[in-house]
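Both ligands and their constituent atoms are indexed starting at 1 by order of listing. All values derive from a computational prediction rather than experimental measurement. Note: hydrogens, waters and symmetry copies are ignored here, and every other heavy atom, side chains too, is used.
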Amino acid sequence: MSRIAKIYTDKDVTLDIIKGKKIAVLGYGSQGRAWALNLRDSGLNVTVGLERQGKSWDQATADGFKPEKTEDAVKKADVVIFLVPDMAQRLVYRERVQPYLREGMDLVFAHGFNIHYRLIEPPKNVDVYMVAPKGPGPIVRDFYTKGGGVPVLVAVHQNYSGKAMEKALAIAKGLGGTRAGAIETTFKEETETDLIGEQTILVGGVMELMKSAFETLVEMGYQPEVAYFETINELKMIVDLIYDKGFMGMLRAVSDTAKYGGFTVGKHVINEETRRRIREAAEKVRSGKFAEEWIEEYGRGSPTLQKGMEDMDKSMEEQTGRRLKEIIERGKPKA
Ligand SMILES: NC(=O)C1=CN([C@@H]2O[C@H](COP(=O)(O)OP(=O)(O)OC[C@H]3O[C@@H](n4cnc5c(N)ncnc54)[C@H](O)[C@@H]3O)[C@@H](O)[C@H]2O)C=CC1
Ligand SMILES: CC(=O)[C@](C)(O)C(=O)O
Ligand SMILES: [Mg+2]
Ligand SMILES: [Mg+2]
């Protein structure tokens, strides 16, 4: 089933194809800020397009951009990059982009949701491609300024010019992505794997696992501070070891007691039932049912999302974390 992925690095890619073009970054949030700054620092011609004055507008101005109204940025642009929230992209496209589309323009996405689930259906005479960073926006910026880059996925949905992949790779390079590597994929594969990943592990899985362990320890009468360091704070160190040296590197760094307990108890806690549920979540993404549900939730003003944010803000783990912030900050390696 599996095939070897095509991976591009800096030496395979030139910025030339995108150098003279006017790039409009729509949105200045998590990814928008990182993209606008990295692309500008890579010598590309970037304007920021926003709906209205406000926090993003002020931030972009503070970073040395002259933000424009979305449609003004789009009218002048050769390349339009969608970095507003997934659920906002359809309306921004319909009202601020579609009316000003010209033959040969490029529509660029950081996640395939709107194209894959057909919320946006561009005309045939534009290029549609994706550069999807495999990391949060602030990290995309941080790695770039320190000479590195977050790996990216690249994909082409529509290749009117015949050069869409070259342009996707050029943007990937401007972002710093090809300093690590750009993996070729499809909109379908990126969209589905990204959603499955964030739900089952990166955001959903990790958060619930940490909360379950933390709350259990506290229920059993252990001090919240001790529980916090054990079940939340230390996870970063374990994950950093896996990130740097793989599972074997992590295992070599922990005690034999931890290895034995980990091998035996891990499989007991995360069991066949958990795998079955990961599969169930993945199938729900693949069938489009999750997308349908999320669009419906958004249509009702995202009450579940908002409640999740409020509950987490008030949670004991979050309050304990805030109480320990000073200690954690003091302990961080300097420089
Ligand atoms: N957050 C991340 O690290 C990652 C995000 N992506 C993708 O990047 C894209 C942007 O996501 P984020 O950076 O998380 O977005 P965000 O939520 O940080 O975007 C906020 C920006 O969009 C503007 N905005 C908010 N609501 C709007 C609306 N209704 N209409 C117009 N503009 C609006 C805000 O003013 C702000 O400038 C999405 O496609 C997302 O899936 C991909 C990889 C990682
Ligand atoms: C940061 C990232 O890659 C996510 C989790 O997929 C997202 O923010 O959508
Ligand atoms: Mg992702
Ligand atoms: Mg995502």
Side-chain angles (χ1 to χ4, degrees), residues 24-39 46-63 65 67-74 80-97 107-117 119-120 128-144 149-155 157 171-172 175-177 182-183 185 187 189-206 281-282 285 290-291 294-295 298-299 301-302 305-306 309:
V25 166
L26 306 186
Y28 204 76
S30 179
Q31 289 292 330
R33 177 166 192 265
W35 286 54
L37 291 172
N38 290 8
L39 295 178
V46 179
T47 57
V48 174
L50 296 171
E51 285 298 290
R52 61 187 74 84
Q53 307 253 339
K55 229 174 77 187
S56 295
W57 194 287
D58 295 343
Q59 181 66 61
T61 306
D63 291 338
F65 290 103
E68 300 179 69
K69 299 281 274 177
T70 307
E71 60 268 40
D72 295 332
V74 169
V80 175
I81 308 184
F82 286 83
L83 296 170
V84 300
D86 293 307
M87 285 304 114
Q89 290 181 13
R90 174 160 52 171
L91 197 64
V92 167
Y93 174 76
R94 273 203 206 142
E95 299 196 340
R96 314 273 192 240
V97 178
L107 301 180
V108 185
F109 294 86
H111 176 44
F113 198 101
N114 280 267
I115 293 292
H116 179 62
Y117 294 117
L119 301 174
I120 294 177
V128 181
Y129 53 90
M130 168 168 54
V131 181
K134 290 290 97 184
I139 309 289
V140 171
R141 178 57 183 164
D142 185 52
F143 278 26
Y144 179 90
V150 168
V152 297
L153 304 185
V154 288
H157 173 67
I171 290 189
L175 265 181
I183 305 183
T185 183
F187 271 63
E189 184 177 62
E190 186 280 336
T191 304
E192 293 175 356
T193 53
D194 189 78
L195 296 173
I196 295 164
E198 67 200 20
Q199 292 170 20
T200 64
I201 169 119
L202 300 176
V203 180
V206 162
V285 165
F290 168 77
W294 171 211
I295 292 163
Y298 180 77
S302 307
L305 188 159
Q306 284 189 23
M309 293 295 283

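With sequence neighbours left out, Ile183 forms a side-chain contact (heavy atoms from CB on, under 4.5 Å) with Ala5, Ile7, Leu153. Residues satisfying the salt bridge (Lys or Arg N to Asp or Glu O under 4.0 Å) criterion with Arg90, sequence neighbours excluded, are absent altogether.
No donor-acceptor pair closer than 3.5 Å links the side chain of Thr185 to the backbone N or O of Val154. Remark: the backbone N or O of Leu37 is not paired with any side-chain donor or acceptor of Asp63 at under 3.5 angstrom. Of the possible polar contacts, one joining the Asn114 side chain to the Asp86 backbone as a donor-acceptor pair under 3.5 Å is found. Side-chain atoms of Glu190 come within 3.5 Å of backbone atoms of Gly112 as a donor-acceptor pair (strictly under, hydrogens ignored).
Of all the heavy atoms in Gly137 and Ala34, the pair that sits closest is O-CB, 3.3 Å. Here the shortest heavy-atom pairing between Lys134 and Asp194 reads NZ-OD1, 2.8 Å. Here the shortest heavy-atom pairing between Leu175 and Leu39 reads N-CD2, 3.8 Å.
Among protein residues, Gly27, Tyr28, Gly29, Ser30, Gln31, Leu50, Glu51, Ser56, Leu83, Val84, Pro85, Asp86, Ala88, Gln89, Val92, Ala110, His111, Pro133, Gly135, Pro136, Gly137 come within 4.0 Å of ligand 1, judged on heavy atoms.
Listed by chain and number, the protein N, O or S atoms at a distance under 2.8 Å from the Mg ion (ligand 4) are Asp194 OD2, Glu198 OE1.
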